[in-house]
Amino acid sequence: MASYESLNYMEEDSLFTEDELMVRKTVRDFVTAEVMPTLQEANRKEEFPMHLIPRFAEMGLLGSTIQGYDCPGLGHIAYGLLMQELERADSGIRSFCSVQGALVMYPIFAYGSEEQKKKYLPKLAKGELIGCFGLTEPDAGSNPGGMLTRAEKVKGGFKLNGNKMWITNGCISDIAVVWAKLDGEVRGFIVEKGTKGFSTSTMKGKFSLRVSVTSELHMQDCVVPEENMLPHGAGLRAPLGCLTQARYGIAWGVVGAANACYHTALNYAKDRVIFEKSKPLAAYQLAQAKLVKMAQEITKGQLLAIQMGRLKEAGRIQPHHVSLGKMNNCRMALDVARDARDMLGANGIIDEYPVIRHMNNLETVNTYEGTEDIHRLVVGQQITGIPAFR
Ligand code: TGC
Ligand code: FAD
């Protein structure tokens, strides 16, 4: 496997510490050696490479920034860099790790009881338990406050009724963090696999994120014990707080997917002879313009991610900062992937090259965790003071 160096046009690597660069190198080598060789087949078969889960755990990729409970306790920049390496391979691989860390372990860490943290976090960090996050419903995606799933207090616990859709890792999960309205207020519940009245079904036929498992969750008079409600974090701000964690990782991760597409296009353009004998595509002005645009936008996206990381490490990051980063970097990566696909000509549509897989994946990444429109409206609200969602 050829060695890989990410774009470092403005010497942005000089903004990282030795430790951060070491984390990146370790994950980069792991991804190159163990993850990338599995992807063509996994994508064709629409299968998640389950055998990698223990390796993700050993590499500290599950709940990486959580302190204690057998979690790695990494800094936020190091975390961003490892998300980038995972998404260089495939957005579905990054999704697996970001759902486990930011959407399952984070809510238990931030809103859970001490008993819940001790019970679940070490096993989730070791990959002995897999989790999913159930917020979206068939009729409530961008507007999660419109959810229909309900919780009702019953003797010894809570009875859940409702359906969740588009849930990453749903069918392979041991626990689901499900959001439901209890007396009109959104609350989080831990639903364990095997609970009576809880079932999952796989959503097949995706042309995007095929390496990731996407599922529906069904709760029909599903009673969870009282101690399975997350005691802290009431209201829509609780799940939205988790999304802020996951969106941060995505803003970093997609720079990795863009890098993969850029490097593929650059190498291809240097080799592919067009029209004149011995004159490669890279020697033509139109091709150079596309490559320059990619390098320019990836560099800006990386600098934006680094600044988000600095704000997060200083405890000053706000949801609207994350919205700007997620919106900008997903759109950037999607545009880079589309240009790279174009430069490969017919070879751009075949899975011998990773570009079409990344391009299709990035359509999902631009949609989930808040669509591009929603993040534009979040930033619009912040700069004008006027919400325009409704
Ligand atoms: P709104 O009235 O604005 O807010 C309700 C309360 O929440 C607070 N808040 C936030 N808190 C933390 N982080 C954020 N990002 C927050 N955004 C808002 C807000 O301050 C308020 O607090 P309080 O105390 O005053 O009640 O709510 P709204 O109903 O108007 O909706 C706003 C909107 C549209 C921005 C929001 O609902 C939204 O973000 N919609 C997009 C939904 C979304 O992103 N869903 C993602 C589902 S999970 C997923 O896609 C996983 S993919 C994983 C993978 O595979 O990687
Ligand atoms: P809609 O909300 O119906 O949006 C449709 C269109 O309307 C979009 O273009 C949108 O931008 C636009 N729109 C929406 N609101 C406005 C507005 N106010 N003004 C103007 N335009 C607007 N969810 C989970 O809970 N957990 C998961 O693990 C998860 N994983 C996912 C995995 C995959 C592969 C996919 C595709 C989705 C996943 N999701 C998950 C769901 C995802 O978060 C939602 O699909 C997303 O939030 C958008 O919701 P929607 O699909 O209902 O689109």
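Residue numbers count from 1 along this sequence. Counting starts at 1 for both ligands and their atoms, in listed order.
One finds the CD atom of Q296 at 10.0 Å from the OH atom of Y9 (value rounded to the nearest 0.5 Å). Put simply, CG on N169 and OG on S212 are 6.0 Å apart, with the number rounded to the nearest 0.5 Å.
For the residue pair Y368 and S95, a side-chain donor N or O sits within less than 3.5 Å of a side-chain acceptor on the partner. Under the 3.5 Å distance criterion, with hydrogens and angles disregarded, no donor-acceptor pair is assigned to the side chains of S113 and E227. Side-chain contact of E192 with Y120: a donor-acceptor pair under 3.5 Å is present, judged by distance alone.
Contact shell of ligand 2 (protein heavy atoms, cutoff 4.0 Å): F133, L135, T136, G141, S142, W166, I167, T168, L209, T214, T364, T367, Y368, E369, T371, D373, I374, L377, F389.
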As a test of reading the model: which N/O atoms of the protein lie under 3.5 Å from N/O atoms of ligand 1, and at what distance?
residue	atom	partner	partner atom	Å
ligand 1	13 (N)	L240	O	3.3
ligand 1	13 (N)	T244	OG1	2.9
ligand 1	15 (N)	T244	OG1	2.9
ligand 1	22 (O)	R237	NE	3.4
ligand 1	22 (O)	R237	NH2	3.4
ligand 1	24 (O)	R237	NE	2.7
ligand 1	24 (O)	R237	NH2	3.2
ligand 1	29 (O)	R390	NH2	3.1
ligand 1	30 (O)	R390	NH1	3.0
ligand 1	39 (O)	R247	NH2	3.0
ligand 1	40 (N)	S142	O	2.9
ligand 1	44 (O)	R247	NH2	2.7
ligand 1	44 (O)	G370	N	2.8
ligand 1	50 (O)	E369	N	2.9
ligand 1	55 (O)	S95	OG	2.9
ligand 1	55 (O)	T168	OG1	2.9
ligand 1	56 (O)	R94	NH1	3.4
ligand 1	56 (O)	S95	OG	3.0
ligand 1	56 (O)	Y368	OH	3.2

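Of all the heavy atoms in S323 and H375, the pair that sits closest is OG-ND1, 2.8 Å.
Checked against a 6.0 Å centroid threshold, the rings of Y268 and Y353 count as neighbours.
Here E369 does not pair with K326 in a salt bridge; the nearest charged N to carboxylate O distance is not below 4.0 Å. Ion pairing between K123 and D174 fails under the 4.0 Å rule for side-chain N and carboxylate O.
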